[in-house]
Peer 1: 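Just dropping this structure here.
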Number of protein chains: 2
Amino acid sequence: METVSTNRAHGGVQGVYRHASAATGTDMTFSVYVPPHAEGARLPVVWYLSGLTCTHANVTEKGEFRALCAELGLIFVAPDTSPRGEGVADDPDGAYDFGLGAGFYVDATQAPFAANYRMWSYVTDELPALIAAEFPADMDRQSIMGHSMGGHGALTIGLSFPDRFKAVSAFAPIVASSQVPWGQKALGGYLGDDKAAWRKHDAVALIEDGARVPALLVDQGAADTFLEKELRPDLLRAACDAAGIPLTLTLREGYDHSYYFISTFMADHLRWHADRLKAGSKA
Amino acid sequence: METVSTNRAHGGVQGVYRHASAATGTDMTFSVYVPPHAEGARLPVVWYLSGLTCTHANVTEKGEFRALCAELGLIFVAPDTSPRGEGVADDPDGAYDFGLGAGFYVDATQAPFAANYRMWSYVTDELPALIAAEFPADMDRQSIMGHSMGGHGALTIGLSFPDRFKAVSAFAPIVASSQVPWGQKALGGYLGDDKAAWRKHDAVALIEDGARVPALLVDQGAADTFLEKELRPDLLRAACDAAGIPLTLTLREGYDHSYYFISTFMADHLRWHADRLKAGSKA
């Protein structure tokens with residue numbers, strides 16, 4: 001693991017790191033904020049998965065998470081959203097919603113994407129091992145959140161590993177990838193036409209198929225232009241109600257899909273995560 | 001005035017605006033955050049002047065000021081750092097420390113810069129009039145802060161208009177432009193060789209020449225690579241001590257010159273400003 005940069009911030013260290021990923025076959029860059037902590041302490045880890053077009057940098061610069069992570073003693077990890085580099089396949093038309101910056105947190109099975117687009121393995125397996133090895137992380141206390149495509153990632157990964165993540169939340173997530181254009185394009189392109197394979201990468205389908213978590217927290221901007229076509233929080237509401245999953249879903253009047261929205265509600269999410277990560281404190 | 005964008009954030013509105021400036025003879029872009037407020041209220045205004053290479057966007061995206069401005073009821077204004085556009089003269093070598101992005105908050109007298117580089121008039125006269133006209137601003141309660149070159153701007157403007165600004169503070173400011181390479185290049189290029197003309201644009205010289213403010217707040221990263229050559233807080237310390245100006249200058253161990261530093265101490269500065277802006281509240 002190579003250190004790209006470190007900056008003192010809010011008493012801790014905001015770092016950016018790069019490593020050769022076995023999962024994706026490319027170099028991968030990610031950011032980690034480590035708050036101030038006692039020597040030898042192990043701190044809970046909040047995973048943040050980003051949305052379409054983003055890298056680790058968007059939330060790192062605009063997320064307004066550090067002050068509260070410092071106060072609450074949370075490590076904050078932000079991976080990239082796809083493999084990148086020479087030879088990595090992209091959307092044939094260069095579209096923003098598939099290929100580079102749009103890995104959708106799946107392991108692709110379709111050529112040419114299967115070669116590098118293995119973001120599921122990267123985020124659920126390879127990067128956690130690296131975080132555990134290189135940072136003062138208590139891997140028994142992890143939680144996950146994300147935005148838009150990253151909200152989809154947080155929900156599907158959180159629902160798939162209910163024992164690993166003590167809290168799962170999302171900002172304006174794609175809740176039912178199989179049912180919306182962004183998701184249909186991505187899942188078709190990465191996983192092929194067999195829609196049975198899609199269900200593990202669709203939060204609503206996972207819930208319908210029996211996945212359970214203790215609770216979900218979702219904030220959604222009411223002025224988000226993607227709300228009705230791509231995000232569909234109503235579908236998550238219906239699935240959670242049917243499954244008996246307590247969902248705190250709040251429509252935020254006037255808020256859009258941007259980091260101005262995310263940063264506004266970041267503190268609420270971090271506090272919600274911290275409450276659920278307290279159990280088993282080793283700090 | 002044209003609205004470039006508005007985003008709901010922390011209960012208020014983060015806007016970006018553009019207007020044809022008479023002072024600079026160019027279009028100028030700036031950002032304004034207006035916190036949530038009661039209908040008809042007039043709110044105090046915090047001016048933030050940015051550093052070399054920056055536009056309004058850097059602090060707007062990375063400054064982490066909105067949550068507290070919302071809590072304290074402060075309007076936050078971030079101008080650009082120079083005129084821009086076709087025909088605007090730049091550094092002959094395209095250097096980052098002169099010309100575009102490096103207006104140094106002076107009215108240039110030297111060709112070819114005198115035509116457009118009139119940031120002093122823009123920031124102290126034209127833009128305040130626009131803010132007063134277009135936003136719910138209480139212009140009897142203004143304060144000013146800035147970073148690096150913008151810290152130089154905040155100090156020199158604050159010292160020049162002690163009745164206007166109820167608080168003056170800076171992050172890693174250039175405190176003695178006449179005595180450091182960045183400042184000497186800029187003042188020489190914009191104002192010419194007569195160093196008498198430089199003194200009004202040098203905070204330490206202004207204090208030596210009798211300018212007074214009730215107090216100054218300065219934070220400086222100890223790991224800032226520009227500290228010794230360009231920033232020289234020791235010179236401000238000496239000038240303030242000699243003049244009897246209470247200066248709260250804190251060297252912050254491990255912090256550099258970046259927005260990770262600024263955003264860490266932004267809350268301290270905003271609270272300090274808010275304390276001094278309370279008098280005469282019309283909110």
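To find a chain, count down the sequence lines: A is the first, B the second, and so on, and within it residues start at 1.
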Peer 1: With a 4.5 angstrom heavy-atom cut-off, is it the side chain or the backbone of A:Q14 that approaches chain B, or both, or neither?
Peer 2: side chain
Peer 1: So for A:R252, is it side chain, backbone, both, or neither that comes closer than 4.5 Å to the heavy atoms of chain B?
Peer 2: neither
Peer 1: Hey, would you say the A:H56 and A:F30 ring centroids sit under 6.0 Å apart?
Peer 2: no
Peer 1: I'd like to know whether the aromatic ring centres of B:W182 and B:F98 sit less than 6.0 Å apart in this structure.
Peer 2: no
Peer 1: Would you mind telling me which of A:A67, A:S263, A:A267 has the largest number of heavy-atom pairs within less than 4.5 Å of chain B?
Peer 2: A:S263
Peer 1: Taking the six-membered ring for Trp, are the ring centroids of B:Y33 and A:Y260 within less than 6.0 Å of each other?
Peer 2: no
Peer 1: Given heavy-atom pairs under 4.5 angstrom as the criterion, report whether the side chain, backbone, both or neither of B:Y255 touches chain A.
Peer 2: both
Peer 1: Report yes or no: do A:S50 and A:H147 form a side-chain donor-acceptor pair below 3.5 Å?
Peer 2: no
Peer 1: Relative to chain B, which segment of A:D256 carries a heavy atom at a distance below 4.5 Å: side chain, backbone, both, or neither?
Peer 2: side chain
Peer 1: Taking the six-membered ring for Trp, are A:F171 and A:F265 closer than 6.0 Å centroid to centroid?
Peer 2: no
Peer 1: Let me know if B:E61 has heavy atoms under 4.5 Å from chain A in its side chain, its backbone, both or neither.
Peer 2: both
